[in-house]
Protein chains: 2
Amino acid sequence: MSKLEILVIDDEPQIRKLLEINLESNGYKVLQAESGKEGILLSANRAPDLIILDLGLPDKSGHEVLKELRVWYKKAIIILSVQNNENDIVLALDNGATDYLTKPFRTGELLARIRASLKRNTSPEGNALNLFNDIEIDFVGRTVKREGDLIKLTSTEYDLLALFANNAGRVLTHQYILREIWGVGLQTETQYLRVFVGTLRKKIEISPNRPRHIITESGVGYRFV
Amino acid sequence: MSKLEILVIDDEPQIRKLLEINLESNGYKVLQAESGKEGILLSANRAPDLIILDLGLPDKSGHEVLKELRVWYKKAIIILSVQNNENDIVLALDNGATDYLTKPFRTGELLARIRASLKRNTSPEGNALNLFNDIEIDFVGRTVKREGDLIKLTSTEYDLLALFANNAGRVLTHQYILREIWGVGLQTETQYLRVFVGTLRKKIEISPNRPRHIITESGVGYRFV
DNA sequence: TTAGTGCATAAAGAATTTGTAAAAAATAAA
DNA sequence: TTTATTTTTTACAAATTCTTTATGCACTAA
């Protein structure tokens, strides 16, 4: 899994440095902007997973930046500000800020609030369902259905099918499949593959001897449709 | 549109009164509880749209209440506490609190944070009572029934079943289950899991050697249906 | 035709994984 | 303390999955 990206929009270099160190040591990738304009540009180009926004920017008010971002940016925006007056807090939250922290802040708390915000980013549970005609693969649940009925697959069979499904339409060479599923040591055991394709076909194809999903590409490999 | 309901769990009557006045004048309906137990019960019965929870309760720690609620309650929980130390804040947020405010708080800010939390309240309804065919699990009472008859489970057995029920239909790996129930240190003790799945099956399955609820996914983990 | 190559399938054996019973240890209750 | 309950270990049986071998078919080229 790749690192989550966090964009820091703040004009104070010390704060940016402090955040950079803390965030990177916690496994995040950090992008930096020192003005509102640059921040908006970067958000549009890189689509970070979370934005930390300072209210006191040189070129334009942080409230304005927040408003502009919220037109299209749907993920978490945490406000970080020296302003501790209620009006600013209420305004920011009502403009769609996910959270509001006042400087000086405690890094542990900030990290916890970042975790909480990121958790909610993904919450509308996008069950990664993949449909291939009569075959339905649920990558989250690790289950496979044909015409609504659950099919029992062994773990290798599932891995193989998932590999096919993730490369639907593409021809996968024997070598490549063997390397992905069995590892580099067994790249030459083409017979494994034949056996497993056989059992998979028996389970997911309507007529296994006339496969419509796992197509043989003679001399090369297989293709999933 | 009917009024949104907010449950206040706090043992201080003054705070409850203050919140009641402020919330009701802002168009919310207010429910009140003065202990953790009462709060959990009320949440289960009334399913409020948001919960405001004080950490310093007389009967049990607010952190415990939060954890118990989060097993099934999916909407916003805002923590209100005199504790301003980082550990409490981090713990609460990591346990699923939506937000954390320290007393004394500014009502305008609280209201803004409530609005922000309610806006994000999109997750599907969680229910304290869960039905899986003949099995009925009550997350509030921590009780399990099969065809109406109470089943006696040890606490680990219950935790395991609750974990399964909260992830019904999806395959849970051995590692994941062990981490959730026994903690990070015992991730490799797969045998524990076998024994407990065995006893659980004996208690909830009609024919334990042909399980219909806890399905083995050989080489991977288990799946609950 | 006949040998050669690549693929499909069945089935036996090997290896791994899982289930179960029961004893030992730890914890909670009386 | 004693007793009861729950959890952790241990040992072995059962089931499942993976690997290997054998065989037949289809196609191609000499």
Side-chain angles (χ1 to χ4, degrees), chain A residues 142 144 150-164 171-183 185-224, chain B residues 142 144 150-164 171-183 185-224:
Chain A
R142 221 188 141 92
V144 178
L150 256 173
I151 298 177
K152 196 171 183 302
L153 297 182
T154 71
S155 98
T156 313
E157 283 162 10
Y158 174 84
D159 290 344
L160 185 57
L161 181 59
L163 182 68
F164 277 136
V171 178
L172 302 180
T173 64
H174 299 134
Q175 270 228 345
Y176 175 78
I177 301 172
L178 285 163
R179 183 151 27 92
E180 289 294 312
I181 307 289
W182 280 270
L186 302 166
Q187 280 183 54
T188 50
E189 300 289 335
T190 325
Q191 182 55 19
Y192 289 11
L193 193 47
R194 296 214 186 90
V195 173
F196 273 83
V197 165
T199 56
L200 248 188
R201 277 179 177 154
K202 248 185 264 172
K203 290 183 181 183
I204 69 168
E205 302 279 5
I206 298 167
S207 41
N209 50 339
R210 280 231 252 108
R212 309 191 57 74
H213 282 297
I214 306 176
I215 310 296
T216 303
E217 297 284 345
S218 200
V220 187
Y222 295 92
R223 187 163 46 89
F224 186 75
Chain B
R142 283 177 73 94
V144 178
L150 252 172
I151 296 177
K152 193 170 182 293
L153 296 182
T154 71
S155 112
T156 312
E157 284 163 9
Y158 172 83
D159 289 343
L160 185 57
L161 182 59
L163 181 68
F164 277 136
V171 176
L172 303 180
T173 64
H174 300 132
Q175 273 227 344
Y176 175 79
I177 301 172
L178 286 163
R179 183 151 27 91
E180 290 294 312
I181 307 288
W182 280 271
L186 302 167
Q187 280 184 55
T188 50
E189 300 289 336
T190 326
Q191 181 56 20
Y192 291 10
L193 191 48
R194 291 205 197 96
V195 173
F196 273 83
V197 164
T199 56
L200 249 188
R201 277 179 177 153
K202 250 185 259 169
K203 291 182 180 184
I204 69 167
E205 301 279 5
I206 298 166
S207 42
N209 49 339
R210 281 236 249 109
R212 309 193 59 71
H213 282 298
I214 305 176
I215 310 296
T216 303
E217 296 284 342
S218 198
V220 186
Y222 295 92
R223 188 164 44 86
F224 186 75

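Letters go in sequence order (proteins before strands), and every chain restarts at 1. Keep in mind it's a predicted model, so treat the numbers as computed, not measured.
Between the CG atom of Leu200(A) and the P atom of dA8(C) there is a distance of 13 Å, rounded to whole Å. Here the P atom of nucleotide dT19(D) and the CG atom of Leu193(A) are 12 Å apart, to the nearest Å. When rounded to the nearest whole Å, the span between CH2 of Trp182(A) and C1' of dT20(D) equals 14 Å. Remark: P of dC7(C) and CD1 of Ile177(A) are 11 Å apart, rounded to the nearest angstrom. Look at CG on Leu178(A): it is 12 Å from P on dC7(C), rounded to the nearest Å. To the nearest angstrom, P of dT18(C) lies 6 Å from OH of Tyr222(B). Taking atom CG on Asn209(A) and atom C1' on dA26(D), their separation rounds to 14 Å, with Å as the unit. Distance OH (Tyr192(A)) to P (dT21(D)): 9 Å, rounded to an integer number of Å.
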Discussion item. Could you walk me through whether Asp159(B) and Arg142(B) satisfy the side-chain contact (heavy atoms from CB on, under 4.5 Å) test, starting with their C-alpha distance in whole Å, then the side-chain angles of each, then the deciding distance to 0.1 Å, before giving a yes or no?
Written reply: CA-CA 9 Å; Asp159(B) 289 343; Arg142(B) 283 177 73 94; 3.1 Å; yes
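Checking the phosphate oxygens (OP1, OP2) of dT6(D), no side-chain nitrogen or oxygen of Thr156(B) falls inside 4.0 Å. Close to dT17(C), at under 4.0 Å from its OP1 or OP2, lies no side-chain N or O of His174(B). For the OP1/OP2 pair of dG19(C) and a distance below 4.0 Å, the side-chain nitrogens and oxygens of Thr216(B) include at least one atom meeting the criterion. Residue Thr154(B) places at least one side-chain N or O under 4.0 Å from the OP1 or OP2 atom of dT7(D).
In this structure, Glu205(A) contributes its side chain and His213(A) its backbone to a donor-acceptor pair below 3.5 Å.
Between dT19(D), dC18(D), dT7(D), one nucleotide has an atom nearer to the side chain of Ser155(A) than all others, and that is dC18(D). Which of dT8(D), dT18(C), dT9(C) sits closest to the side chain of Arg194(A) comes down to dT9(C). Listed nucleotides dG19(C), dC18(D), dT8(D) differ in distance to Arg201(B); the shortest reach to its side chain belongs to dG19(C). Listed candidates were dA21(C), dA8(C), dT16(D). Nearest to the side chain of Val195(B) is dA21(C).
Between Phe164(B) and Phe224(B), the ring planes are parallel. Angles under 30° get that label, and only those over 60° would be called perpendicular.
With a 6.0 Å radius and a threshold of 12 heavy atoms from other residues, nucleotides or ligands, Arg179(A) has its CZ atom above the threshold.
Place Val220(B) and Lys202(A) on DNA chain C by their nearest nucleotides, and Lys202(A) ends up nearer the 5' end. Heavy-atom distances to DNA chain D give each of Lys152(B) and Glu189(A) a nearest nucleotide, and the one nearer the 5′ end belongs to Lys152(B).
Side-chain N/O atoms of Gln191(A) and base N/O atoms of dT9(C) include a donor-acceptor pair closer than 3.5 Å.
By the 4.0 Å N-to-carboxylate-O rule, Lys203(A) lies close enough to Glu157(A) to be salt-bridged with it.
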